[in-house]
Amino acid sequence: MQIRVTSDDSFDVVIVGAGIAATTVALSLPANLRIAVVAQSRGITSSHWAKGGVAAACQPPDDADQHIADTLQAGGGLSDPISVGLMIREAPAAIAFLSDLGVTFEGLPGREAGHALPRIWHANGDATGAAIMSALEKKILSKTNLVVLTGSLIEIATSNTGVSGVLIEKDNSVALLRTSKVVLATGGATGLWSYHTSPPTNLGLGIVAAYRAGAIVGDLEFTQFHPTAIALSASPLVLATEALRGAGAWIVDEDGKRFLFDYDPAGELATRDKVSLAISRHSGQAYLDTRPIDECELTAKFPSFVNACREMGFDPISTPVPIRPAAHYTMGGIVTGTYGETNIAGLYAVGECANSGVHGANRLASNSLLEGVVFGRRAALHLASASFPDNATAHPSSCSLPTRATSLSRLMHSVDTALGIEREGSTIKTTREALAADETEDMDPFLAHRYVAASELVTMMLEAAESRVGSVGSHTRSDQQPEDTLYRLQFLHGSKAQRVRRFS
């Protein structure tokens, strides 16, 4: 269906997203630039829902070298040491940046799984994300050079020299925001799993829009499952933060046994990929037992966890809480450089939609908020000085949207079947083939656009998981074969997927 495109306005920079990465970019750009921030749903992002904190080695005996080592180990050897080093060494400055914007961090850092030392900085207990976003959004509202628009991404408009604008759905119509500089901070794709902890709008649409515009995307086989989602409600599931285990909580089975040590010597403090795999392989229901934590400490440091459990009919002071792994974080995405720049002139990506190289095959806990701030600031620095051809006068007069698509429930079934914690080659293959032959349904063109894009991403995820025959990090193949894992399977629109060596 052809939809007429209206040209709304022109901007120096258009930022698509509303989480910590998007707001960091907006607040770090010079005041003389005219900026538009496009938010699909204000106040509902993974950043707002983040229960953990911000990882930063700010005081002895901890240091950047130890944080770097922990990050590289968690990433299964696939993290880019250069990108990791930049992020970790800029972490104290990120904490200072947030503090200057009004975030009040608690006095001492906590410890989370995979971290050798306490280095997780919290604000407002186990609701750090909400506290940070509240402070940043107040600053956003005070920016006179910035316009916040409610809308969702449809397409990145390009010419033969780079970005020319962004097409968005706005008030059930298509609007063009003319610009030569676009920052995608659209989040990940974990809303494609039936059991997930992210907003349901996280369908990877920013990743697909960049891919269709010619950006390289990669590492789509790597999705992190958080091991301690509270198994008492429908998705999105509420998280029991990693810091609970850092404070002494246990994971036990129906008999009260701490079974994680049967799978990894680090027990509850093993990384998320290992804990999730252990829970999935262990028979019976798993529980988070917070009774080893002092009651006063539990209620003071983890109020949102305690309140959420009580609202669901469980009192964690006296009763272990049922948990299950749930899709939580997308490690793959739009391949970027160390300033968030992509292979398309004027297109940047930051946050969870980006594949900056810092997470490898498995993200270390509490490095995500850190990544959003560090690379958001770096992208703003690059944007402020970069110059791209002005393509704002060239724009489409209409936009073609589909009217049929595979339903979201069908896409979820495919993802659940083939892209769980443990994968198997023939299942991935048959699921990919079935999805390609699946019947589509009539639906609203804007909804169909989202689901067609999501289906495209699921297909690429299946291809990536099928191609990686070994096991590493969050990608476990039950039928694994020996292989050299040091490659990225990347996709470029109109080309076949190719393996690219990560490190020379």
- Task: Please test E463 against R432 for salt bridge (charged side-chain N to carboxylate O under 4.0 Å, His left out), starting from the C-alpha separation and ending with a verdict.
- Result: CA-CA 8 Å; E463 290 177 0; R432 177 177 54 78; 5.4 Å; no
Do other residues, nucleotides or ligands put more than 12 heavy atoms under 6.0 Å from the [atom1] atom of [X]?
X: L486; atom1: CG; value: yes
X: K274; atom1: NZ; value: no
X: E424; atom1: CD; value: yes
X: H413; atom1: NE2; value: no

Salt bridge or not for [X] and [Y], using N-O below 4.0 Å?
X: R89; Y: D65; answer: yes
X: D12; Y: K181; answer: no
X: E456; Y: R212; answer: yes
X: D126; Y: K51; answer: no

*Distance under 6.0 Å and angle within 45° of ring axis: R499 vs Y487*: yes
Does the Lys NZ or Arg CZ of R324 fall within the cation-pi geometry relative to Y195 - under 6.0 Å from the ring centre and within 45° of the axis? yes
| query | Do the ring centers of Y348 and H382 come within less than 6.0 Å of each other? | reply | yes
- Determine, using ring centers only, whether Y329 and H226 are less than 6.0 Å apart. no
Is any side-chain heavy atom of [Y] closer than 4.5 Å to one of [X]?
X: V217; Y: Q490; answer: no
X: T24; Y: R377; answer: yes
X: V415; Y: V458; answer: yes
X: T223; Y: M331; answer: no
X: F491; Y: I216; answer: no

**Message:** Quick one: does any side-chain atom of H48 pair with a main-chain N or O of M133 as donor and acceptor, under 3.5 Å?
**Reply:** no
Check: Are the side chain of K170 and the backbone N or O of T150 linked by a donor-acceptor pair below 3.5 Å?
Finding: no
In terms of heavy-atom contacts, I140 and A26 come closest through CD1-CB, 3.6 Å
From the list Q480, E221, R423, side chain to side chain donor-acceptor pair (under 3.5 Å) partner of H475 resolves to R423
Can you see whether R363 engages S368 through a side-chain donor-acceptor pair at a distance of less than 3.5 angstrom?
yes
Output for pair (L117 CG, D70 CG), nearest 0.5 Å, gives 7.5 Å
Separation between CZ (F305) and CD1 (I230), nearest 0.5 Å, reads 5.5 Å
Worksheet item: Does the side-chain contact (heavy atoms from CB on, under 4.5 Å) test come out yes or no for L462 and L419, once each step is laid out?
Response: CA-CA 7 Å; L462 289 166; L419 297 175; 3.8 Å; yes
